[in-house]
Amino acid sequence: MADVHGHLVFACGSSLYAVPADTASEVVNLPSLTRVPGAPGHLLGVFAHRGEVLPVVDLTRLTGHPLDEVFKRAVVVRTPRGAVALPASRVLGVATLEGSFERLGDTGVHQHLRGPARAAAGEVAIIDTQTFIEFLSTAG
Amino acid sequence: MTDVQAEVIEGLVLCRVGEDRLAVRAREISSFDVPHAGARYAGEGFSPQARAPAEARLLRHHDTALVVDTVEVHSERLTLLSVPAVLVRAWGGALCGFVEAGGLLWPVISLERFAQGPEVVS
């Protein structure tokens with residue numbers, strides 16, 4: 001199956017992820033974060049950006065493979081359900097993906113990842129941004 | 001698109017809690033006091049093992065009490081920034097928003113809800 005719309009591909013540790021290009025609003029340098037009481041472990045904190053508070057969601061913790069890496073950049077994903085910043089080790093750019101777009105699992109965050117798709121840099125998990133942010137809103 | 005008027009807050013108590021920060025509307029606090037046994041320490045919101053320092057302060061409002069490390073009254077008008085959707089349920093829904101003061105971002109909490117604990121409010 002071929003990708004029609006294009007995705008922004010980024011690396012988080014050794015894993016590659018992609019979000020639909022039309023939901024990736026920008027790539028930002030991460031400032032120091034403000035921790036939030038009661039926030040789940042995958043939510044590293046928040047920062048103010050252009051009059052808005054953006055939560056920073058660590059995909060490595062969310063997928064159960066936490067890293068010690070201190071992330072310096074993040075991809076801001078924006079949907080009608082809200083916006084989040086996803087830390088990235090590297091941002092590889094917009095690519096057309098091929099391969100599978102099936103759900104990668106039936107539980108947890110894996111329900112909101114699709115693939116494995118292929119980009120020039122390797123296998124990519126595509127984040128279903130709409131349902132992903134809904135999932136984060138209900139995940140404890 | 002709906003033009004939503006941002007809420008402005010006048011009168012906040014800025015609280016340090018270990019390495020972290022919280023803010024409470026001044027009108028939600030009737031007195032500052034010496035902590036007593038059984039009062040919840042705000043640091044629990046950041047780490048279950050957190051313990052209040054010896055010289056902590058107690059924020060009190062009627063039967064509600066919360067222990068913090070230090071307090072500072074901030075009287076300037078500040079814009080309340082919205083809570084992101086993914087944080088609406090954090091700590092039982094105690095988060096009211098965020099303010100920027102002194103170059104830092106402060107989570108603004110409801111004293112009463114925070115003191116009740118992290119159980120999710122439906």
Side-chain angles (χ1 to χ4, degrees), chain A residues 19 23 25-26 28-59 61-62 70 74-87 108-109 112 127-140, chain B residues 1 4 6 14-24 40-48 50 66 68 78-111 113-122:
Chain A
V19 293
T23 66
S25 61
E26 59 190 307
V28 297
N29 291 324
L30 279 177
S32 39
L33 303 180
T34 299
R35 295 209 302 160
V36 177
H42 58 258
L43 211 149
L44 301 180
V46 298
F47 65 100
H49 183 63
R50 297 179 187 165
E52 178 183 28
V53 175
L54 290 175
V56 179
V57 176
D58 183 352
L59 288 168
R61 295 187 188 199
L62 203 52
V70 176
V75 175
V76 178
V77 174
R78 196 173 293 283
T79 77
R81 286 283 293 153
V84 296
L86 302 175
V109 69
H112 311 287
I127 300 171
D128 184 338
T129 49
Q130 300 284 349
T131 65
F132 176 69
I133 291 180
E134 284 178 23
F135 165 73
L136 293 174
S137 301
T138 56
Chain B
M1 192 167 137
V4 179
L14 305 179
C15 309
R16 296 278 180 174
V17 182
E19 300 288 312
D20 298 297
R21 303 181 292 277
L22 288 175
V24 181
R40 184 180 295 280
Y41 176 46
E44 293 172 29
F46 300 98
S47 167
L66 186 69
V68 299
L78 297 169
T79 300
L80 185 69
L81 304 173
S82 304
V83 179
V86 303
L87 283 168
V88 165
R89 290 157 55 104
W91 200 264
L95 204 54
C96 305
F98 294 84
V99 292
E100 290 183 278
L104 297 171
L105 190 62
W106 300 73
V108 181
I109 58 160
S110 155
L111 181 65
R113 278 187 154 183
F114 194 94
Q116 287 171 353
E119 293 74 25
V120 173
V121 174
S122 56

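In the text below, chain A, chain B and the rest are named by the order of the sequence lines, each starting its count at 1.
- Comparing Gly38(A), Pro31(A), Gly51(A) by heavy-atom pairs within less than 4.5 Å of chain B, the highest count is held by Gly38(A).
- For Arg35(A), the parts sitting under 4.5 Å from any heavy atom of chain B are the backbone and the side chain alike.
- For a residue to count as touching a neighbouring chain, one of its non-hydrogen atoms must lie under 4.5 Å from one of that chain's; by this rule Phe46(B) touches chain A with backbone and side chain alike.
- When heavy atoms are compared at a cutoff of 4.5 Å, Leu87(B) approaches chain A solely by way of its side chain, counted from C-beta outward.
- Heavy-atom minimum distance, Thr34(A) versus Arg21(B): OG1-NH2, 2.9 Å.
- Between chain B and the options Gly82(A), Gly45(A), Ala48(A), the largest number of non-hydrogen pairs under 4.5 Å is found for Ala48(A).
- Here the shortest heavy-atom pairing between Arg89(B) and Ser137(A) reads CD-O, 3.3 Å.
- Neither the backbone nor the side chain of Phe135(A) comes within contact range of chain B, judged by heavy atoms closer than 4.5 Å.
- In terms of heavy-atom pairs under 4.5 Å with chain A, the best-connected choice from Gly97(B), Pro107(B), Gly45(B) is Gly45(B).
- Contacts between Val57(A) and chain B at a heavy-atom distance below 4.5 Å are absent for every atom of the residue.
- The line from CG of Leu104(B) to OG of Ser32(A) is 8.0 Å long, rounded to the nearest 0.5 Å.
- Taking all atoms of both residues into account, the shortest heavy-atom contact from Pro37(A) to Ile109(B) is CG-CG2, 4.5 Å.
- Considering every non-hydrogen atom in both Val86(B) and Ile133(A), the closest pair reads CG1-O, 4.1 Å.
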